[in-house]
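Note on naming: letters A, B, ... go to the chains in the order of the sequence lines (proteins, then strands), and numbering restarts at 1 for each one.
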Amino acid sequence: MYYYIFNYLLTLKIACRMNCTRIGLRYYYSTSPFNQRILLLKNAPKVDDALQLFDEMLQRQPPPSIFQFTQLISVIVKMKQYSTALKLFEQMRLMGVPVSILTMNISINCYCRLNQVAYGFALLATLFKQGYSPSLATYSTLINGLVLADRVFEAVELFKKLLRDKLCDPDQVMYGTVINGLCKVGHTSKAIQLLTFMESGSCKPCVEQYSVVIDSLCKDKMVDHALELFAKMTEKGVLADVITYNSLIHGLCNFGRETEAANMLRDMEEVGVSPTVATFNILVNSFCKQGSVKDAEIAVQEMARRGLCPNVITYSALMDGYCLRGEIDEAEKVLNGMMEKDLAPNIITYNSLINGYCKKKQIDKARHLFQEIQDKGLIPDVITYNSMLQGLFESGNPAAARERFNKMQAKGLAPNIYTYRILLHGMCKNSQCSDALALFRSLESKELMEDVGLYNILIDGCNKCGKPNLAVDLFDKLLLKGLKPDVRTYTVMISVHCQQGLFGKAKELLRNMEEKGCLANSVTYNVIVKEFLKEKAFEEAEILLKEMISRGFSPDSTTFEMLLNQIPSTRQDSPIQTIIQKLTNIK
DNA sequence: GTAGGGTTAG
């Protein structure tokens with residue numbers, strides 16, 4: 001203890017004598033007893049340990065340098081404990097540890113991450129009052145805060161103002177922040193303009209800025225443009241890093257271009273960029289989504305072979321893959337496997353399983369798990385509730401579903417569009433279409449009221465509940481609102497007309513929809529053919545059947561059965577018999 | 001060698 005104090009005083013003395021605080025600080029820093037522990041925390045962050053260390057540092061006399069406090073709090077920020085970090089700054093302030101522009105910037109960042117960008121700007125004002133001048137990082141942090149709060153327009157305005165008033169000279173980070181904001185709201189072309197602007201100026205874009213745009217292009221389904229930009233940056237001598245490659249691999253996988261994704265993986269390794277756990281997770285997830293969990297398992301083995309540890313994302317993707325195939329036992333095995341490895345499943349992990357149980361109508365297991373995860377301290381989110389609602393409806397318990405929906409709202413969880421789709425669909429299916437309509441009318445959110453999917457559910461529901469007039473009303477309302485009916489809407493309406501015996505209207509709608517650029521699909525044809533068969537309007541059915549087959553659609557199993565059973569044997573020579581013959585041979 | 005921006009799961 002005395003040794004350290006003595007050492008500290010000595011270094012200060014040396015520093016003063018040399019009139020160079022930097023050397024003093026550096027010496028103190030390297031011999032500090034806290035230094036080692038901060039370093040340890042940086043490598044293996046633990047909140048409790050960090051807080052303990054902070055207390056010790058705060059009590060130490062003389063207090064450690066602001067440098068070390070900042071380092072420690074940065075560790076806490078990296079752990080996303082923003083509120084904690086802010087509290088620690090407050091404690092430091094109360095103890096009289098001086099603040100700096102650095103601590104201010106970190107505080108502003110914490111407020112921004114907590115979605116309290118207004119407090120960030122308040123701190124900026126304080127900063128001015130105390131005579132500090134904001135740094136480039138201060139402004140970048142605030143711009144990013146606006147982006148995080150989905151206020152990209154204001155972020156861009158702030159950026160423009162900084163340029164216009166020459167308040168700062170933007171660096172790569174600031175450009176990157178703005179480019180990221182533009183991409184986030186889908187203005188990728190504006191982001192590309194800014195990137196081009198950078199290329200022509202003195203602050204050249206680096207891999208970070210290119211990666212943001214490449215990722216955004218991939219998400220905009222413009223993978224080829226992304227590949228072009230990737231080629232361009234390489235030409236300019238900017239080397240792609242693992243994030244660039246991950247974005248491209250993700251983009252290729254999303255559009256079924258797995259072979260190219262595999263080539264990309266090979267390429268990156270050839271140029272010395274090592275794939276990470278994230279790279280493999282992208283592949284694992286892609287395989288799982290397509291239903292080939294076997295390939296996903298091979299990818300997991302491959303990552304393990306390279307010494308990369310599968311994480312909670314890897315296992316959750318695998319579980320989801322198995323659940324999608326209905327292989328819940330396998331999903332349970334994966335869950336047990338990850339827990340044996342001391343990996344904590346999160347709400348997304350459990351959502352896969354709950355959804356799996358619900359889809360398999362094992363509602364009791366789903367209910368049990370729903371309770372169990374809450375006992376473990378996990379909080380069900382809107383997706384958990386959506387799965388439960390669907391499961392409850394499908395297991396024939398609409399009352400329990402309604403109750404669960406009420407509970408969800410009481411907990412302050414906002415239902416999303418899927419919640420309402422599930423709810424209205426479930427209610428209609430249980431002959432509660434009046435209730436469903438009442439609920440729909442009570443919706444206040446404009447966004448929800450303009451969801452064609454909800455209209456489809458209600459129109460279909462009213463029709464099946466024997467209220468075709470209400471279905472027609474809804475369709476008119478939808479058109480009146482200027483919403484665009486999709487193929488499902490038209491298909492349901494065709495079915496509505498047929499059931500009312502208005503076959504002329506049904507056929508007219510079939511032509512109408514195509515004129516409006518909405519192509520009929522296999523379901524549309526099956527619906528209308530079945531209705532004609534029900535009415536024994538064989539000639540009409542025949543014409544449509546030929547039309548659908550010529551367009552590459554085929555009758556579904558019920559249509560096929562109706563054809564077999566209903567076509568009178570007297571019409572052996574009819575084209576429809578030939579079709580049946582052909583189809584029977586295929587089957 | 002302390003602060004600000006980019007990739008992965010339902």
Engineer: Hey, is the side chain of A:S247 pairing donor to acceptor with the base of B:dT7 inside 3.5 Å?
Structural biologist: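 Under the 3.5 Å cut-off, the side chain and the base do not form any donor-acceptor pair.
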Engineer: Main chain of A:P380, side chain of A:Q374: is a donor-acceptor contact present, judged purely on distance under 3.5 Å?
Structural biologist: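 Such a contact is absent between A:Q374 side chain and A:P380 backbone.
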Engineer: Only pairs at least two apart or in different chains count here, so list each ring pair (Phe, Tyr, Trp, His ring centres under 6.0 Å) that has a residue in residues 193-237 of chain A.
Structural biologist: A:F230-A:Y245
Engineer: Check the distance between B:dG6's C1' and A:L248's CG and give it to me in whole angstrom.
Structural biologist: 13 Å
Engineer: Determine the contact category for A:T177: base if any of its heavy atoms lies under 4.0 Å from a base atom, sugar-phosphate if only primed atoms, P, OP1 or OP2 are that close, otherwise nothing.
Structural biologist: sugar-phosphate
Engineer: Does anything in residues 331-351 of chain A pair up under salt bridge (Lys or Arg N to Asp or Glu O under 4.0 Å), and if so which pairs, sequence neighbours excluded?
Structural biologist: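 Of all non-adjacent pairs touching residues 331-351 of chain A, those that pass salt bridge (Lys or Arg N to Asp or Glu O under 4.0 Å) are A:E330-A:K333.
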Engineer: Quick one: ring pair (Phe, Tyr, Trp, His ring centres under 6.0 Å) pairs with a partner in residues 277-330 of chain A, sequence neighbours left out?
Structural biologist: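 Matches after skipping sequence neighbours: none remain.
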Engineer: Whole-Å distance between B:dG4 C1' and A:N144 CG?
Structural biologist: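 The answer, rounded to whole Å, is 7 Å.
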Engineer: Would you indicate what A:T244 reaches in the nucleic acid, counting non-hydrogen atoms under 4.0 angstrom: base, sugar-phosphate, or nothing?
Structural biologist: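 A:T244: base contact, heavy atoms under 4.0 Å.
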Engineer: Only pairs at least two apart or in different chains count here, so list each side chain to side chain donor-acceptor pair (under 3.5 Å) that has a residue in residues 272-285 of chain A.
Structural biologist: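 Residue pairs passing side chain to side chain donor-acceptor pair (under 3.5 Å), neighbours aside: A:N246-A:T279, A:T276-A:T279, A:N281-A:N311, A:N281-A:T314.
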Engineer: Scan the side chains in residues 263-270 of chain A for donor-acceptor partners under 3.5 Å anywhere in the protein, sequence neighbours excluded, and list what turns up.
Structural biologist:
unit_1, atom_1, unit_2, atom_2, d
A:E269, OE1, A:R306, NH1, 3.2
A:E269, OE1, A:R306, NH2, 3.3
A:E269, OE2, A:R306, NH1, 2.4

Engineer: By a strict heavy-atom criterion of less than 4.0 Å, which residues belonging to residues 314-330 of chain A are in contact with DNA chain B?
Structural biologist: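 A:S316, A:D320, in order of number.
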Engineer: How would you list, by chain and number, every residue that makes a side-chain hydrogen bond (donor to acceptor under 3.5 Å, both in side chains) with A:D220, sequence neighbours excluded?
Structural biologist: A:T188
Engineer: For DNA chain B, which residues in residues 99-112 of chain A have a heavy atom at a distance below 4.0 Å?
Structural biologist: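 Output list: A:L102, A:N105, A:I106, A:N109.
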Engineer: Taking atom types as modelled and ignoring hydrogens, do the side chains of A:N109 and A:T141 form a donor-acceptor contact shorter than 3.5 angstrom?
Structural biologist: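 Side-chain D/A pair, A:N109 to A:T141: absent.
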Engineer: Specify the separation, in whole Å, of atom CG of A:N285 and atom P of B:dT7.
Structural biologist: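 Rounded to the whole Å, the gap is 16 Å.
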Engineer: So, does A:S216 use its side chain to make a donor-acceptor pair with the main chain of A:V212 at under 3.5 Å?
Structural biologist: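 Answer holds: no.
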Engineer: Scan A:T141 against the nucleic acid and name what it touches under 4.0 Å (heavy atoms): base, sugar-phosphate only, or nothing.
Structural biologist: sugar-phosphate
Engineer: Side-chain N or O of A:K78 less than 4.0 angstrom from OP1 or OP2 on B:dA3?
Structural biologist: yes
Engineer: At under 4.0 Å, does any side-chain N or O of A:K219 touch on OP1 or OP2 of B:dG6?
Structural biologist: no
Engineer: Mind running a 4.0 Å heavy-atom check of residues 119-140 of chain A against DNA chain B and sending the residues that fall below it, in number order?
Structural biologist: A:S135, A:L136, A:A137, A:S140
Engineer: Identify, with sequence neighbours excluded, every residue that meets ring pair (Phe, Tyr, Trp, His ring centres under 6.0 Å) alongside A:F393.
Structural biologist: none
Engineer: When all nucleic acid strands are considered with a 4.0 Å heavy-atom cut-off, which category describes A:K184: base, sugar-phosphate, or nothing?
Structural biologist: nothing
Engineer: Nearest to the A:I243 side chain among B:dT2, B:dG6, B:dA9, which nucleotide is it?
Structural biologist: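 Comparing B:dT2, B:dG6, B:dA9 against the side chain of A:I243, the answer is B:dG6.
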Engineer: Can you measure A:M57 atom CE to B:dT2 atom P for me and round it to whole angstrom units?
Structural biologist: 15 Å
Engineer: With no hydrogens and no angle check, is any side-chain donor or acceptor of A:S286 less than 3.5 Å from a backbone partner on A:L283?
Structural biologist: no
Engineer: For a quick test of your reading: what N or O donor-acceptor pairs under 3.5 Å do the side chains of residues 76-89 of chain A make, sequence neighbours left out?
Structural biologist:
unit_1, atom_1, unit_2, atom_2, d
A:Q81, NE2, A:M79, O, 3.3

Engineer: Need one value for A:D381: base, sugar-phosphate or nothing, where a base atom within 4.0 Å counts as base even if backbone is also close, heavy atoms only.
Structural biologist: base
Engineer: Return the value, rounded to whole Å, for the distance between atom CG of A:D169 and atom P of B:dG4.
Structural biologist: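 Interatomic distance, CG of A:D169 to P of B:dG4: 21 Å.
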Engineer: What contact category does A:V207 fall into here, base, sugar-phosphate, or nothing, at under 4.0 angstrom with non-hydrogen atoms?
Structural biologist: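 Counting heavy atoms under 4.0 Å across all strands, the contact made by A:V207 includes a base.
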Engineer: Just call it for A:N346: base, sugar-phosphate, or nothing, with non-hydrogen atoms closer than 4.0 Å on any strand.
Structural biologist: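 Base, at least one base atom sits under 4.0 Å.
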Engineer: Round to the nearest Å and state the distance from A:M92 atom CE to B:dA3 atom P.
Structural biologist: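 After rounding, the gap between these two atoms is 14 Å.
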Engineer: Using atom CZ of A:F69 as one end and atom P of B:dG1 as the other, report the distance to the nearest whole Å.
Structural biologist: 22 Å
Engineer: What pairs with A:D150 under side-chain hydrogen bond (donor to acceptor under 3.5 Å, both in side chains), at least two apart in sequence or on another chain?
Structural biologist: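 Residues passing side-chain hydrogen bond (donor to acceptor under 3.5 Å, both in side chains) with A:D150: A:K184.
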Engineer: Grab the CE-P distance between A:M264 and B:dT7 for me, whole Å please.
Structural biologist: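 Taking atom P of B:dT7 as the reference, CE of A:M264 is at 18 Å.
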